[in-house]
2 protein chains.
Amino acid sequence: MKSQAAPECQRCAFREFSLFKNCQHEELEGMNENKCFHTYKKGQVIFHEGNRPFGLFCVFDGKVKISRLNSDGKEHIIRLAKPGDTLGYRSLIENAKYTASAVALDDTQACFLPASDFNHLIDSNVKVANDLMKMLAKALGDSQERMIHLAMKPVRERLAEALLLLRSTYQKKDESAPFSISISREDLAAIVGTAKETVIRFLSEFKEDGIVTSHGSTITIVKPDRLLKISQLYD
Amino acid sequence: MKSQAAPECQRCAFREFSLFKNCQHEELEGMNENKCFHTYKKGQVIFHEGNRPFGLFCVFDGKVKISRLNSDGKEHIIRLAKPGDTLGYRSLIENAKYTASAVALDDTQACFLPASDFNHLIDSNVKVANDLMKMLAKALGDSQERMIHLAMKPVRERLAEALLLLRSTYQKKDESAPFSISISREDLAAIVGTAKETVIRFLSEFKEDGIVTSHGSTITIVKPDRLLKISQLYD
DNA sequence: TTCAAAAAATGATATAAATCACTTTCTAGA
DNA sequence: TCTAGAAAGTGATTTATATCATTTTTTGAA
């Protein structure tokens, strides 16, 4: 983790899609005062399960996984974060320790806003508080959706879904080229909730069917519509 | 569904444990004006997946399951509700259709507060809005916890956990007698995320070990501490 | 109290996916 | 560009759990 001059919130390209979209200009200026900016190398831990949160992270660049480990060392990825996404807000609201860890999937940069500023912001700006409420509601819906799929869908369908999730999360806007992402089979398995060998096997099947291609750990989605059909087989 | 005179919120025994614990006396009086009171027979649908929410339900008596069905008719229970619990708040906040159905597990009574009153309440009372935020955060944490367990724990452990969940949800306070509940093996399977035959088999194992007893569909938890150990085998 | 339908229980079998053991292919640093 | 370690890929085997078929028990209404 490295610290350096932070980009200004007012000029941040992701602000209008973030929790801070309804902040006043003065509020943003205040935040700039106290926030700090960190960079993380691929694989570095941003925060760790069991630790106390001291503030809110906001991803500026890169990809982040939020995941939990069990005692066997098996990992499950709860969600993925992209630039503009906030990390750790649930623990801050509950005023409780992190129940999951955040790890950079790529070289990542993130701003850090102290808890006191975060709390002050949501106490003083009703719009932001409302947006946060909506964010929580959305996250809850997403989580329940994933729970249901984990309980009811076979691995092949969940893998198709995971690939589409990666695409919808990380595909750059107005990018017409097929979506590519570099992700280890192990991380993919931890999203799907299965073993990496199983991911590899179904991925090979998708490759045979011309739905995806891969070179090393880079996967390219050639036919997303086919993945959508596969993911919805039993909906 | 049957309507009759509603109990007054001011005097409701569950209010202090509910979303309305921080309501002003006048607010409660206003709510009494517009709310209505419904009774549901065991098995009756309170609201249905796909429908639009018109207000908030607050359970007054009975047990409710919130669940989703897939196209095969397989059911998964997302959560359980008890007296004092609110139903449908997530859909109201997101202003979206119900993504799950609520069904009475016992004869149930519930109050219904129109959406406009609910929205007005959270817009006008910051404390209630904050409590709602905390409720969402807690629900999100619970949901993620269940997701993780579904992905990582075998059925036997999840069954032990489900039995403890039933106990912690529905055991009356200051009740020292062993906890008993009447629940179909099918519903239990839908909580655990498995087949009913599998539930029956592990339940028989628990019975052989003297951890639970059962008569028909009534299950009694004799040794909750043993269930706790079983549920935590791989934590 | 009886009886039929529903639910629980049990056994046999099938199947999806995990695990283990190994080979091949990448990839990043010297 | 070479090379060692990591990751991808493959095959064989095991295991947990689902499914199917059937019997037994419970339940609630006549």
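Here the structure is a predicted model, which is why all the values come from computation and not from measurement.
Between A:Leu188 atom CG and D:dA7 atom P the separation is 15 Å, expressed in whole Å. A straight line from CZ of B:Arg185 to P of D:dT24 spans 19 Å, rounded to a whole angstrom. Counting to the nearest Å, the P atom of C:dA5 and the CD atom of B:Glu186 are 19 Å from each other. In this structure, CZ of B:Phe206 is placed 17 Å from C1' of C:dA8, rounded to the nearest angstrom. The CG atom of A:Leu203 sits 14 Å away from the C1' atom of D:dA7 (whole-angstrom rounding). One atom, CD of A:Glu205, and another, P of D:dG9, lie 14 Å apart when rounded to the nearest Å.
Under the salt bridge (charged side-chain N to carboxylate O under 4.0 Å, His left out) criterion, the residue pairs touching residues 160-169 of chain B are B:Lys153-B:Glu161, with sequence neighbours excluded. Listed by first and then second residue, the salt bridge (charged side-chain N to carboxylate O under 4.0 Å, His left out) pairs that reach into residues 176-195 of chain B are B:Lys65-B:Asp187, sequence neighbours excluded. Under the salt bridge (charged side-chain N to carboxylate O under 4.0 Å, His left out) criterion, the residue pairs touching residues 76-86 of chain B are B:Lys82-B:Asp85, with sequence neighbours excluded.
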Per-nucleotide protein contact string for nucleotides 25-30 of chain C, where B marks a base within reach and S marks sugar-phosphate only (heavy atoms under 4.0 Å, - for neither)
-SS---

Could you encode protein contacts along nucleotides 10-20 of chain C as a string, one character per nucleotide from 5' to 3', using B for base contact, S for sugar-phosphate-only contact and - for no contact, with a heavy-atom cut-off of under 4.0 Å?
BBB----SSBB

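Under the salt bridge (Lys or Arg N to Asp or Glu O under 4.0 Å) criterion, A:Lys138 pairs with A:Asp142, sequence neighbours left out. A:Glu8 is linked by a salt bridge (Lys or Arg N to Asp or Glu O under 4.0 Å) to A:Arg11, counting only residues two or more places apart in sequence or in another chain. Under the salt bridge (Lys or Arg N to Asp or Glu O under 4.0 Å) criterion, B:Asp61 pairs with no residue, sequence neighbours left out.
Aromatic ring orientation, B:Phe57 versus B:Phe47: tilted (interplanar angle from 30° to 60°).
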Pair up each side-chain donor or acceptor in residues 96-103 of chain B with any protein partner under 3.5 Å, not counting sequence neighbours, and list the distances.
{"from": "B:Thr99", "atom 1": "OG1", "to": "B:Arg90", "atom 2": "NH1", "distance (Å)": "3.4"}
{"from": "B:Thr99", "atom 1": "OG1", "to": "B:Arg90", "atom 2": "NH2", "distance (Å)": "3.1"}
{"from": "B:Ser101", "atom 1": "OG", "to": "B:Glu49", "atom 2": "N", "distance (Å)": "2.9"}

Which donor-acceptor pairs under 3.5 Å do the side chains of residues 213-224 of chain A make with protein atoms, sequence neighbours left out?
{"from": "A:Ser214", "atom 1": "OG", "to": "A:Lys207", "atom 2": "NZ", "distance (Å)": "3.0"}
{"from": "A:Ser217", "atom 1": "OG", "to": "A:Ser182", "atom 2": "OG", "distance (Å)": "3.4"}
{"from": "A:Thr220", "atom 1": "OG1", "to": "A:Ser180", "atom 2": "OG", "distance (Å)": "2.6"}

Scan the side chains in residues 197-205 of chain A for donor-acceptor partners under 3.5 Å anywhere in the protein, sequence neighbours excluded, and list what turns up.
{"from": "A:Ser204", "atom 1": "OG", "to": "A:Ile200", "atom 2": "O", "distance (Å)": "2.8"}
{"from": "A:Glu205", "atom 1": "OE2", "to": "A:Arg156", "atom 2": "NH1", "distance (Å)": "2.6"}

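Terminal axes of the helix from C:dT1-D:dA30 to C:dA30-D:dT1 (five pairs each, C1' rotation axis) are separated by 50°, to the nearest 10°.
Under the 6.0 Å cut-off for aromatic ring centres, A:Phe37 and A:Phe60 qualify, their centroids lying closer than that.
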